[in-house]
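Please read the structure below before turning to the comments.
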Amino acid sequence: MHRTMGRIYVPAALLTGATGSYMAAYSYGGIITHLGFGFLGAAVIATTSSAFGRIRALDIASHREWMIRSYALIFAAVMLRILLPLLTIAYEGDFDPAYRWVAWLCWVPNALWAEWYIRRSRASTLAL
């Protein structure tokens, strides 16, 4: 089951990252959103490719860590949909600044959380 899910997830995530990278150049909001979504797309490709490479090398611990990173970045789609309305309300209905912020806030906190979780997990494993 895990392997089958991976065979679906990896191509889907790589396609998502490639499409997102391409679309970033056309995103509304100018260079700030172009860069935010562009880095997100590149990071999805990089983390997913690294996870795939690690499992092919049978390095399960490293594969797990790279998949956590990949999942955290893919979850940006959910966070964008949660944060954008809240930011728009915070900016009293002004969509432009909300969208510029969300281009980064939908994924950077997720990436930071993933790194914190991975490092915390390593420390607890070493303590055993």
Side-chain angles (χ1 to χ4, degrees):
M1 177 76 145
H2 183 90
R3 188 175 292 180
T4 300
M5 289 172 53
R7 287 182 176 149
I8 295 167
Y9 179 86
V10 169
L14 294 175
L15 181 62
T16 299
T19 303
S21 295
Y22 172 78
M23 290 177 58
Y26 304 99
S27 65
Y28 177 81
I31 191 70
I32 293 170
T33 60
H34 299 339
L35 290 173
F37 293 130
F39 283 132
L40 172 58
V44 167
I45 293 169
T47 57
T48 305
S49 297
S50 294
F52 181 71
R54 295 296 80 222
I55 200 58
R56 297 288 292 168
L58 302 177
D59 184 351
I60 294 168
S62 184
H63 165 72
R64 177 184 173 273
E65 291 177 354
W66 283 106
M67 284 306 301
I68 290 169
R69 292 177 180 109
S70 178
Y71 286 138
L73 293 172
I74 290 288
F75 201 71
V78 174
M79 294 306 297
L80 183 141
R81 283 154 182 85
I82 293 170
L83 292 173
L84 187 55
L86 297 176
L87 288 167
T88 303
I89 291 167
Y91 277 101
E92 299 175 345
D94 192 354
F95 179 80
D96 291 353
Y99 196 68
R100 287 186 191 102
W101 274 106
V102 85
W104 294 89
L105 289 177
C106 71
W107 68 273
V108 172
N110 297 4
L112 294 172
W113 175 87
E115 286 305 314
W116 170 82
Y117 180 79
I118 289 165
R119 291 167 197 271
R120 183 176 153 260
S121 297
R122 283 183 196 154
S124 66
T125 302
L126 293 174
L128 295 177

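Keep in mind that the numbers below use all heavy atoms, side chains included, and drop hydrogens, waters and symmetry copies.
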Checklist entry - Which residue pairs pass the salt bridge (charged side-chain N to carboxylate O under 4.0 Å, His left out) test with at least one member in residues 12-21, sequence neighbours excluded? => result none
Checklist entry - Is it true that Leu112 and Met67 fall in one hydrophobic cluster, defined by side-chain heavy atoms closer than 4.5 Å? => result yes
Checklist entry - Where is the tightest heavy-atom contact between Ser21 and Ala42, given as atom of each residue plus distance? => result OG-N, 3.4 Å
Taking distance alone, no hydrogens or angles, what donor-acceptor pairs closer than 3.5 Å link side-chain atoms of residues 75-89 to residues at least two apart or in another chain?
unit_1, atom_1, unit_2, atom_2, d
Arg81, NH1, Ala77, O, 2.7
Thr88, OG1, Leu84, O, 2.7

Checklist entry - Counting heavy atoms not belonging to Phe39, are there more than 12 under 6.0 Å from its CZ? => result no
Checklist entry - When you measure from the side chain of Trp107 to the backbone N and O of Gly36, does any donor-acceptor pair fall under 3.5 Å? => result yes
Checklist entry - Which residues satisfy the salt bridge (charged side-chain N to carboxylate O under 4.0 Å, His left out) test with Arg100, sequence neighbours excluded? => result none
Item to check | From Leu73 atom CG to Cys106 atom SG, the distance as rounded to the nearest 0.5 Å | outcome: 9.5 Å
Checklist entry - side chain to side chain donor-acceptor pair (under 3.5 Å) with Ser70: which residues, sequence neighbours excluded? => result Tyr9, Thr48
Item to check | Residues clustered with Tyr22, ILVMFWY side-chain links under 4.5 angstrom | outcome: Met23, Tyr26
Item to check | Residues that Tyr91 engages under side chain to side chain donor-acceptor pair (under 3.5 Å), provided they are two or more places apart | outcome: Trp101
Checklist entry - In Å and rounded to the nearest 0.5 Å, what is the OG1 to CG distance from Thr16 to Leu40? => result 10.0 Å
Item to check | Nearest atoms (heavy-atom pairs only) where Ser49 meets Leu14 | outcome: OG-CD2, 3.6 Å
Checklist entry - Which atom names give the shortest non-hydrogen contact between Ala114 and Ala72, and what distance separates them? => result CB-CB, 3.8 Å
Item to check | Geometric class of the His2/His63 ring pair [parallel <30°, tilted 30-60°, perpendicular >60°] | outcome: perpendicular
Next on the checklist: Test of understanding: with ring-ring contact (aromatic ring centres under 6.0 Å, His included), list the residues that count as partners of Phe52, not counting sequence neighbours.
Outcome noted: none
Next on the checklist: Restricting to non-hydrogen atoms, name the atom on Ala13 and the atom on Ile74 that form the minimum distance, rounded to 0.1 Å.
Outcome noted: CB-CD1, 4.2 Å
Item to check | Any pair counted as salt bridge (charged side-chain N to carboxylate O under 4.0 Å, His left out), so long as it reaches residues 35-61, sequence neighbours left out | outcome: Arg54-Asp59
Next on the checklist: Checking Asp94 now: which residues fulfil side chain to side chain donor-acceptor pair (under 3.5 Å) with it, not counting sequence neighbours?
Outcome noted: none
Checklist entry - Which residues, ordered by chain and number, are linked to Tyr117 in its hydrophobic cluster, where ILVMFWY side chains connect at heavy-atom gaps below 4.5 Å, directly or through other members? => result Ile68, Trp113, Trp116, Ile118
Next on the checklist: My understanding is that only residues two or more places apart in sequence, or in another chain, count here; which of them pass side chain to side chain donor-acceptor pair (under 3.5 Å) with Trp104?
Outcome noted: none
Next on the checklist: Starting from Leu35, can I reach Val108 by hopping between I/L/V/M/F/W/Y residues whose side chains sit under 4.5 Å apart?
Outcome noted: yes
Next on the checklist: For Ala24, is there any backbone N or O sitting under 3.5 Å from a side-chain donor or acceptor partner on Ser27?
Outcome noted: yes
Next on the checklist: Show every salt bridge (charged side-chain N to carboxylate O under 4.0 Å, His left out) that has at least one partner inside residues 68-78, sequence neighbours left out.
Outcome noted: Arg69-Glu115
